[in-house]
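If you read the sequence from its start, that first residue is 1, and numbering goes on from there.
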Amino acid sequence: MGKTILIVSIVIGALLIGGISYAKYRGFCSGPESKADWVVYRMTNQLDLDAQQQERLEGFRDKALSLLQNMREERPQQMQMALGLLEAPQLDRQQAYQMWEVKHNWMAAAGPQLIDAFADFSDSLNQDQRSKLQAMITQHRNRHAKPCCEAATSPEQE
């Protein structure tokens, strides 16, 4: 019994160390900048991008990271305002709605910037590269789809 527990503990430990090492190697534990760099590296290699296409992809990455940084900078103030709403005996619905509206408007304003940056990149791709990109996105989506969401009832099933 003692040897079995020891062997199982060693195997579990090795798997944990291996998983953590793999995640760190791939940049998954290093924040959004490292993840974005990894995506650019992978797409550059998978799609055989030329210098101009890679420059446009990096422009899209930079725009996305810039918008993300702006959102991060505003988060502490928004959190303080949200917590301030909870200090009152009753939630000020109008204030909460205004906070939501500000966030919604910010996201709506950021959308066209991201779309333009991605369009600049995707417009530079040839048809073969576009097909590979579609396959990559589909594969990523299929790999990360949550089974519980697929089992949910859709409007067509009702």
Side-chain angles (χ1 to χ4, degrees), residues 13 15-47 49-125 129-130 132-158:
L15 288 173
L16 284 172
I17 290 170
I20 291 169
S21 298
Y22 178 77
K24 286 192 174 284
Y25 168 74
R26 289 295 195 173
F28 296 124
C29 299
S30 303
E33 292 81 10
S34 293
K35 289 178 191 176
D37 289 340
W38 181 79
V39 168
V40 167
Y41 171 78
R42 181 168 168 86
M43 288 179 71
T44 299
N45 290 335
Q46 294 277 327
L47 299 177
L49 299 179
D50 61 26
Q52 179 193 23
Q53 292 169 328
Q54 186 173 358
E55 185 178 307
R56 290 184 178 189
L57 177 58
E58 289 171 355
F60 172 66
R61 177 204 58 203
D62 294 343
K63 177 56 74 176
L65 289 175
S66 170
L67 292 170
L68 179 63
Q69 183 61 33
N70 290 344
M71 192 183 329
R72 281 181 175 171
E73 290 171 359
E74 293 176 9
R75 191 174 292 150
Q77 295 125 357
Q78 292 170 347
M79 184 57 74
Q80 285 300 100
M81 290 174 61
L83 291 173
L85 289 175
L86 293 174
E87 291 175 356
Q90 288 187 328
L91 184 71
D92 183 351
R93 293 171 194 236
Q94 186 63 31
Q95 178 93 18
Y97 178 74
Q98 287 173 350
M99 287 176 58
W100 176 84
E101 195 172 62
V102 165
K103 183 73 167 181
H104 179 74
N105 291 340
W106 185 89
M107 294 293 284
Q113 296 175 41
L114 282 175
I115 291 170
D116 288 341
F118 184 75
D120 288 342
F121 165 67
S122 68
D123 291 347
S124 71
L125 300 177
Q129 290 171 322
R130 290 174 85 80
K132 284 182 184 178
L133 179 60
Q134 286 175 324
M136 288 172 68
I137 292 170
T138 301
Q139 182 182 15
H140 177 78
R141 178 72 182 129
N142 290 339
R143 218 179 13 238
H144 294 286
K146 295 184 178 15
C148 63
C149 296
E150 293 172 2
T153 306
S154 65
E156 296 102 27
Q157 293 175 342
E158 293 179 356

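Taking 4.5 Å as the limit, some side-chain heavy atom of Phe121 sits within range of a side-chain heavy atom of Leu49. Proximity of His104 to Met107: side-chain heavy atoms (C-beta onward) are nowhere separated by under 4.5 Å. Side-chain contact between Gln53 and Leu47 is absent, with no heavy atoms from C-beta onward closer than 4.5 Å. A 4.5 Å side-chain heavy-atom check between Gln80 and Leu83 finds at least one atom pair inside the cut-off. Contact check for Gln94 versus Gln98: side-chain heavy atoms found under the 4.5 Å cut-off. Proximity of Leu67 to Lys63: side-chain heavy atoms (C-beta onward) are separated by under 4.5 Å at one or more points.
The backbone N or O of Asp62 sits nowhere less than 3.5 Å from a side-chain atom of Ser66 that would complete a donor-acceptor pair. Arg61 contributes no side-chain N or O that, together with a main-chain N or O of Ala36, makes up a donor-acceptor pair within less than 3.5 Å.
Applying the salt bridge (charged side-chain N to carboxylate O under 4.0 Å, His left out) rule to pairs touching residues 87-109 yields nothing, sequence neighbours excluded.
In this structure, Gln77 CD and Arg75 CZ are separated by 11.5 Å, a value rounded to the nearest 0.5 Å. In this structure, CG on Asn70 lies 11.0 Å from CG on Leu65, to the nearest 0.5 angstrom. The distance from atom CG of Asp120 to atom CD1 of Ile115, rounded to the nearest 0.5 Å, is 12.0 Å. To the nearest 0.5 Å, the span separating CZ on Phe60 from CD on Gln113 amounts to 12.0 Å.
Checked against a 6.0 Å centroid threshold, the rings of Trp100 and Tyr97 count as neighbours.
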Exercise for review: Apply the test side-chain contact (heavy atoms from CB on, under 4.5 Å) to residues Lys132 and Leu125: give CA-CA distance (whole Å), side-chain angles for both, the deciding distance (0.1 Å), then the verdict.
Suggested key: CA-CA 10 Å; Lys132 284 182 184 178; Leu125 300 177; over 6 Å; no
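The nearest pair of heavy atoms linking Ser124 to Gln129 is O-OE1, 4.4 Å.
Within 6.0 Å of atom CD in Gln78, more than 12 heavy atoms from other residues, nucleotides or ligands are found, so the atom counts as buried in its surroundings.
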